[in-house]
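The structure appears right after this line, and notes come after that.
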Amino acid sequence: MALKKSELYSSLWKGCDELRGGMDASQYKDYVLALLFIKYVSDRYAGVEDALIEVPEGGSFQDIVALTGDKEIGDKINKIIANLAAANDLKGIIDVADFNDADKLGKGKEMQDRLSNLVAIFNNPNLNFSKNRADGDDLLGDAYEYLMRNFATQSGKSKGQFYTPAEVSRIISKVIGVNTAQSQDQTIYDPTCGSGSLLLKAADEAERGLTIYGQEMDNATRALAKMNMILHGHPTAEIEQGNTLAYPLFKEADGKLKRFDFAVANPPFSSKAWSNGFNPVQDEFNRFAEGIPPAKNGDYGFLLHLLKSLKSNGKGAIILPHGVLFRGNAEAEIRKNLICKGVIKGIIGLPPNLFYGTGIPACIIVLDRENSGVRQGIFMIDASKGFVKDGNKNRLRDQDLHKVVDVFNRQLEVPKYSRLVPLAEIADAKNDYNLNIPRYIDSQEEEDIQDIEGHLLGGIPKRDVEALGEYWQVYPTLKQKLFAVADRPGYLTLKISINEVKACIFDYPEFIGYGQEIEAAFERWQAKHTPLLKAIQPGQHPKEIIYNLSEDLLQAFTGKSLIDKYDVYQHLMTYWVETMKDDVYILVEDGWKAELKEVMNKNGKVTDYICELIPKELMINRYFQAEQAEIEQLEAKKDDIVRQQEELQEEHGGEEGLLEEVTNDSGKITKANVNDRIKRIKNDATFADELKVLKVYLKLIEEEAEISKQIKVNAQFLDKYVLTKYGGLTPDEVKSLVVDDKWMRTLQQAINSEMDRISQRLTQRIKELAERYEMPLPELTSRVDELTSRVDEHLKKMGMVW
């Protein structure tokens, strides 16, 4: 049975992290990712003739597994890795981590146990790469990404820069048009490539592939990048080690910089040592013709290098802090020259705290040399508000990514979000080539202005009601139903009481009709994709499935007023990550089978069975509603009995209460205590009242016990029915349970929640306005005076005169 990928990744990380000890995550990653690499190539290529990677004798992961418990495990792992490296020209790539380093891994038995346990984590039968390809759909690519992201999260400030968040990488790859590449011979380059995550995400966009080039200054990180390339099916990618600005290693035969079709970069922000090793004034590659960046800030140094590395029709993007958009002096001159040359196509402002090396907000500067001569403006997006909290970092959601890409590539002007800013506006005296996004896009929320006249004289300001115009376009007569013209121009009154507003809106025919329209849009999408989902077969790619589903869902809700299509899209993407993705992976590996998995206790005894694909509640809802209803009726009876017990205890408990003697120190009343007390007082007439109450309570205890017993019996029978039914499910029944009852029903509920949100937003705003201006200030003042007078009178009667 296929293991849920999310469970595999999380258990993999948990195991690795527990074995890290006191070692910094930025160092420990070198050990873990090296083992992952060796495990992968051993699974894929061991014993395969003419394989891309030769796995020599004494150089495989199984050789490492054989060392478990060996006193010299660290030194012997180093030798095994060295054999693999020597056979494949991978020295300095896979042998960077020293597995015999006692300072990092511990001495003697501590190292022996730690490495043995670490190897055991990867020696997991579910972690088998022999039939997987790193095509963006497999176990390996996702596992590597999961581990890399977690190591980046824990590596701390200044040590997490080896990884660019996948969502940002995807935005960059899509806005520079990598998908337009027509040939594998076309090139992509990253001068500060880190572990290669940005390069790989960009290259994935090219259907026919790209030739990859990258340079990274840190040797251990360069090794990660090279392994990453091999793991993801790009073994020929050229990844070099060295300082890109001082010693760029990709050159043409004549010594000039090599030019590329695409270039991407996430360099270290505001590097103070950017010019170490060379003199920018005398740069042999003439990269700084537009100006020399400040000696203590290298942001423009990397940007100018990237620009110089593009072909005449090249496209690129670089992630930099917002300061490059507005800082003065030398940077202002460079910025002006770049704007005048027309090489800046766009700027995308990102949320703060996205990146692992810094918490400051950054932006993507999109470069385009091909159309520089005819450029009339720079397209700007303020995407700073679109994110979700994820631990101690922020993260772009799928909807945020999709919106940025759609708006940028279509050059759509969206109020408070995006606009094409003319070069003339940027160059005018007021702006003087300053590219700070808030100068051109006001993304601030409209201030909720208090109306003084409304507070003094009453009435809801008409402008506040008109501001809800998007609702009145969809519900054209609802405004007249809710509001009447006040006794003076510019103000309205509410026709109904504030408490009736919600019911009025929810019951209004236009509101109901709009809900039906939204429901119909979902049902059309559902009708199209239900047969496709039920046709999922082993071997299909889950990421292709979700791409088609999500893009069609976006299209289904395009043009619908009030409801944001990206919010609808996010519901699907969130459900995909939380549940549906694991389900689809199970289906493409095992087919339409409802396989049960044993649940064991600490002693290894089987206590239950679960089905990952079809939870028991789905089976009960479809096949055993009557049995479940009977249990629920019994539970309702039990709840009623418990309520009666609580009422008796509330009435007769406490000191000197009739139930005091049977209540223990924890406030509980037990059957044994009640029986014992009844025996002691049953023949004493002075305790008649207490005896009566005790007998009533005892009867309730007995009834509760009997019903609890019946519930348990019924639940056991129901559980047996369900387990038996699992074994008899046909493939068609499994499809109905998974697609109809599980996936589609959940998504429909999510769409309904969007409708609820729309209606609640309108209802809340109308009630807020009505309550705000319900009592004019003079009336309010008079009411305060009246209440003050009444309080004074009471005080006088009480003799409390101040």
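FYI, side chains are in, hydrogens and waters are out, and symmetry mates aren't considered; it's all heavy atoms of this structure.
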Please indicate whether [X] has more than 12 foreign heavy atoms, meaning atoms of other residues, nucleotides or ligands, lying under 6.0 Å from its [atom1].
{"X": "Lys385", "atom1": "NZ", "value": "yes"}
{"X": "Glu413", "atom1": "CD", "value": "yes"}
{"X": "Asp254", "atom1": "CG", "value": "yes"}
{"X": "Lys311", "atom1": "NZ", "value": "yes"}
{"X": "Asp89", "atom1": "CG", "value": "no"}
{"X": "Glu207", "atom1": "CD", "value": "no"}
{"X": "Lys389", "atom1": "NZ", "value": "yes"}

Pair [X] + [Y], salt bridge at N-O below 4.0 Å:
{"X": "Asp218", "Y": "Arg222", "result": "no"}
{"X": "Glu290", "Y": "Lys341", "result": "yes"}
{"X": "Lys201", "Y": "Asp204", "result": "no"}
{"X": "Arg419", "Y": "Glu425", "result": "yes"}

Examine the side chains of [X] and [Y] and answer whether a donor and an acceptor come within less than 3.5 Å of each other.
{"X": "Ser195", "Y": "Asn228", "value": "no"}
{"X": "Asp98", "Y": "Asn78", "value": "yes"}
{"X": "Asn371", "Y": "Asp368", "value": "yes"}
{"X": "His402", "Y": "Asp406", "value": "yes"}
{"X": "Asn313", "Y": "Arg369", "value": "no"}

Going by heavy atoms in the side chains, are [X] and [Y] under 4.5 Å from each other?
{"X": "Lys345", "Y": "Ile365", "value": "no"}
{"X": "Ser270", "Y": "Pro321", "value": "yes"}
{"X": "His305", "Y": "Pro248", "value": "yes"}

Under a 3.5 Å distance rule, please check whether [X] uses its side chain to pair with a backbone N or O of [Y] as donor and acceptor.
{"X": "Asp398", "Y": "Gln570", "value": "no"}
{"X": "Gln186", "Y": "Leu210", "value": "no"}
{"X": "Arg335", "Y": "Leu325", "value": "yes"}

Discussion item. Taking the six-membered ring of Phe379 as reference, does the cationic atom of Arg410 (NZ for Lys, CZ for Arg) lie under 6.0 Å from its centre and within 45° of its axis?
Written reply: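 Not satisfied by the 6.0 Å and 45° rule.
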Fill in: For Leu303, the option from Val324, Ile344, Leu320 that meets side chain to side chain contact (heavy atoms under 4.5 Å, CB included)
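The option that passes is Leu320.
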Worksheet item: Among Asp442, Ile441, Ile348, whose side chain to side chain contact (heavy atoms under 4.5 Å, CB included) with Asp382 holds?
Response: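 When side chain to side chain contact (heavy atoms under 4.5 Å, CB included) is applied between Asp382 and each of Asp442, Ile441, Ile348, only Ile441 qualifies.
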Worksheet item: Going by the angle between their ring planes, with limits at 30° and 60°, are Phe260 and Tyr213 parallel, tilted or perpendicular?
Response: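 Tilted, since the angle between the ring planes falls between 30° and 60°.
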Worksheet item: Ring centres of Tyr31 and Phe99 under 6.0 Å apart?
Response: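 So the answer is yes for these two rings.
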